[in-house]
Structure formats: structure tokens, C-alpha cells
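Here is the structure we will look at.
Throughout, a chain's letter reflects where its sequence line sits, starting with A, and its residues are numbered from 1.
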Amino acid sequence: MNLLEIKDLHASIAGKEILRGVNLSVEAGTVHAIMGPNGAGKSTLSAVLTGNPLYEVTAGEIYLRGKNLLTMPPEQRAREGVFLSFQYPVEIPGVSMVNFMRTALNEKRQYQGLQPLSSTEFLRLMRDKRKLVGLADKLQNRSVNEGFSGGEKKKNEIFQMAMLEPCLSILDETDSGLDIDALRIVAEGVNQLRTADNASIVITHYQRLLDYIVPDYVHVLADGQIVKTGGKELALELEDKGYEWLSTQ
Amino acid sequence: MVKHTITQGQIVEEVYLNQSNLDITFTQQEGSTLRLFVVDIQGGQYANHIVVEQAATDCTTEIYHLAYLTDNDKATTHTNVRHLVGGGTSNQLIKFILGGKAKGEFLGELYIAPDAQKTEAHQTNRNLLLSSTAEVRTRPQLEIYADDVKATHGASTGQMDESALFYMQQRCLDENTARRLLLGAFMKDVIEPISDQNKREELLETIDRIIQ
Ligand SMILES: Nc1ncnc2c1ncn2[C@@H]1O[C@H](COP(=O)(O)OP(=O)(O)OP(=O)(O)O)[C@@H](O)[C@H]1O
Ligand SMILES: [Mg+2]
């Protein structure tokens, strides 16, 4: 059974159809890159996978390890192991990072039938995972994403991913806004979190990230459909030729 | 009406919890500090009337107010801060949370007397609407007769941030827990300045129980 199975997915926002029949199979242990022009529907796909209520699914199916995702509320999908590193992480003034992460992790553990972590265990885990992605200590005492720089927000997303250990992580332009060193550190963090049981969907515009997080497949999403799939060399070809040649095929 | 005098140099912190229809006047003497917390989270129908008079120089007044209204609750809070003498400071933070068909009103009177120079007075009103049928009205009334003063007032009303809710759900929190965290965050800056730790924590627990 594939980890993720998307079949003929159609979705719209504000009555406008954005996804027009997306098919995608993701096996455990693989990395799939999704590239494609601005406005193609890449973020829409990640929103629909995670159950964002702004989007309406008009047709199609999504299965995670054989379970129907479309009938689950967002938090249940998250607890089943779907994680989205947001293209634009949200600031939540007044809610501290520590409190937020503790609640998040314990909700997930409860769902899995596990005991909540003790305070000491939790803080140790926070420290270890922060190191993994090079997130500054001082940020954990602040409100969620509030006043974080663009790069800090992206690091914070990967930090949360490391805390929650998802089986399917979707990284929506995690590379944008990261400086060269941070990009490498974050990518190494992502690589360290790779196991034979989980998988990642990496949405990016740039080949550079894929030098660090080497994809097994590269897909081109254009105009709401996956119009081409290839190996990692496809990313190089796209860097060279752009997307024009695909739509004229 | 209850009248209190805060004597020279005295620092007073008062927390009024769920004392609907509070009707109170404070007169401050030189160099005194009043920190007033008026927290109404039980709802109902009520009107608060709070008067603070700075009768001498170098006084500090802080007023924090939280009103949590649901269903058919209807509440008015009227503050009247009177700077009779200059050199004083006043800060007001007034927050309403309204759900159901609740109606809330904040009337913020601020008076700065003709000779009350070097006065600094700030009034902030923030409201959170949890339903489309709740209503809130803000009426600042500023009477400023001195020219060398700093006086500001601001009011804003918003709704629960849906994108924050979704973000939290994406991080495994169910919608209720997420809403509760956001509500707590909104109330926080009214409660946190309470310096008595026991009172503060007791209040936070009470609030937590009510917003379940
Ligand atoms: N609220 C909305 N109302 C109408 N159209 C919308 C709305 N939100 C998004 N869209 C449209 O949906 C389309 C797909 O957007 P999406 O964010 O999925 O693109 P993307 O592939 O992620 O692009 P980018 O590379 O720029 O991030 C765009 O044309 C966008 O304008
Ligand atoms: Mg996008």
C-alpha cells in the first residue's frame, strides 16, 4: 500500500477551480519534488491535503495509508501524520511557542495512545530538535512566529516537523527566505528525519534545494494538473528550459 | 457609590472579579498609584461606572478591564479618568469578548483640566467578536483643556483569526483547544499585569473554566 494516494483530485476556492484532476502516488521512504509556475496550484494542493476549510474538494480521493483523508478534520489528518511546512507561517500573538508545542505534541501522543511527556522530557526534546535545525533558543519563549524573520519562520516550521515526526511532510517553499547556510542546515535536518516509513513532498522553485534534499521524483504541476514526472534530472532541465515547453506538448 | 481615597505615595492594586454594576470612585493624592483590574466573565446584564480623580501631581492610574459576554448579555462599562492636576499618567486597557447576541458598550471619558500640564493619558479598547450577531460600541469622550499633554485613544474590533485556527489544527490541536488558546491570548494582557501571583493564577484558572 502506498503511503499517499491522490486520485483525480479536483478542488476550488471561491468557486474557481484550481486543481483539475491531480493524480499522485507517494511510496514510503521517497521524496517527491513538485515544481511549477506561480499560481499553478501547488499551495492549493498542500491546503487540500491538510484540510484547509477555505478550499472545496469537488471530486477525487485522497488516502493516507489506506485511510480516507477527505472525511477527516484538519487536526485528525495532522495526528495521522500529515505535516505542512507553510509557505507563509502564521503569527499567533499571545500564544507561546513552548505552550503551543507542548499542546500539539501531547494531542498527537494522546491520539496514538501514548502518555504525555513530562516537563523535563519535553524540554529536552525541544532542545535537541532546536539544535537539529539551528533555531535560536530565544525564539522558544516568544509567541508563535510573532516578529520572527522570514528565515526564522521557515526554520521554526522544520523544528515543529522534527518535534511531531510526521509520516508525510509537505514542505511548501521552505527554501524561500532562507540564507545559504540556513538552507543547508534545514535540508540536513530534513534528511536526518528521513526514514523508510515516511515521505516528503517538497514544493520548490529552485534546483538548489534539491541538491541537498535529493528527490526520487520530480513532478511539474501546471494549470492544476501534473503535466510531467521525471527523476531528479528533470529539475535541472526545468532550470534550463523553464516551463513553456511543457504546456505546448 | 463607593468612594476611596489613595493617600500620598500609596500604591494600591484592586482586583474586582464579577462584581457586576461596580460603582466606584477613587481619589488619588500626590505620588500615589492605582492599579485597577475589573474582570467580568460571568456575563449577564450590568453597567460598571468607574471614576478616578487625580487630585494631586505625580499620580499613576492603570485600569484594566475584561468583559466576556455571550447569549443575550448586555453590558456597559463607563470609565471616567479625571486629571485635575498635571504631571500624572493614566493608562487604560479595555477588552470585550462578545459571542451570541451579546451587546457591549465602552464609554471612555477622559478629562484633563486647564492647568494639568505634562499629563500623559492613554486609552485602548480592543474587542473580539465571536459571532456575527454580537455587537460592540466604543464611545471615547475626550475633554482636554491643557496644551502640553500626551493623550491617545484607540479602538479596534476584530474576529478570531481563521488562519491562526487552521495553523493550530494543522499542528494537531482540535478546533476547541485552538479557540481556547486564542481567547486566552486575547485576555492575557489584561490579566498578566496583576502583580499578586496567587490572585493572577486563580483568575486565570477561573477564566479557563469559563471559556471551556
Ligand atoms: N481566495 C482566492 N480566491 C480566488 N482565487 C484564489 C484564492 N486563493 C488562491 N487563488 C488562486 O489559486 C491559484 C493557485 O494558487 P496557489 O497558491 O495554489 O499557487 P502556487 O502554485 O502555490 O503558486 P506560487 O508558486 O506562487 O506559490 C492562483 O491563481 C491564485 O490566484
Ligand atoms: Mg504556493
Suppose we call two aromatic rings close when their centres sit under 6.0 Å apart. Are B:His65 and B:Phe106 close by that rule? no
Which bit of A:Phe83 comes within less than 4.5 Å of chain B, counting heavy atoms only: side chain, backbone, both or neither? both
Under a 4.5 Å heavy-atom cut-off, does chain A meet the side chain of B:Met187, its backbone, both or neither? neither
If you count heavy-atom pairs within less than 4.5 Å of chain B, which of A:Glu107, A:Glu80, A:Lys108 leads? A:Glu107
Highest number of heavy-atom pairs under 4.5 Å with chain B: which of A:Leu164, A:Val95, A:Asn106? A:Val95
Does a donor on one side chain and an acceptor on the other come within less than 3.5 Å for B:Gln169 and B:Tyr167? no
Any side-chain heavy-atom pair of B:Phe26 and B:Glu53 under 4.5 Å: no
Where on A:Ile92 is there a heavy atom nearer than 4.5 Å to chain B: the side chain, the backbone, both, or neither? side chain
Among B:Thr89, B:Thr61, B:Thr27, B:Thr60, side-chain hydrogen bond (donor to acceptor under 3.5 Å, both in side chains) partner for B:Gln54: B:Thr61
With a 3.5 Å cut-off and no angle check, do the side chains of A:Thr50 and B:Gln170 form a donor-acceptor pair? no
Cut-off 3.5 Å, side chains only: do A:His32 and A:His219 have a donor facing an acceptor? yes
Sort A:Arg79 into side chain, backbone, both or neither according to what part of it lies under 4.5 angstrom from a heavy atom of chain B. both
Would you mind telling me which of A:Thr103, A:Val144, A:Leu105, A:Asn99 has the largest number of heavy-atom pairs within less than 4.5 Å of chain B? A:Thr103
Against chain B, label A:Asn145 side chain, backbone, both or neither, depending on which of its atoms sit under 4.5 Å from a heavy atom there. side chain
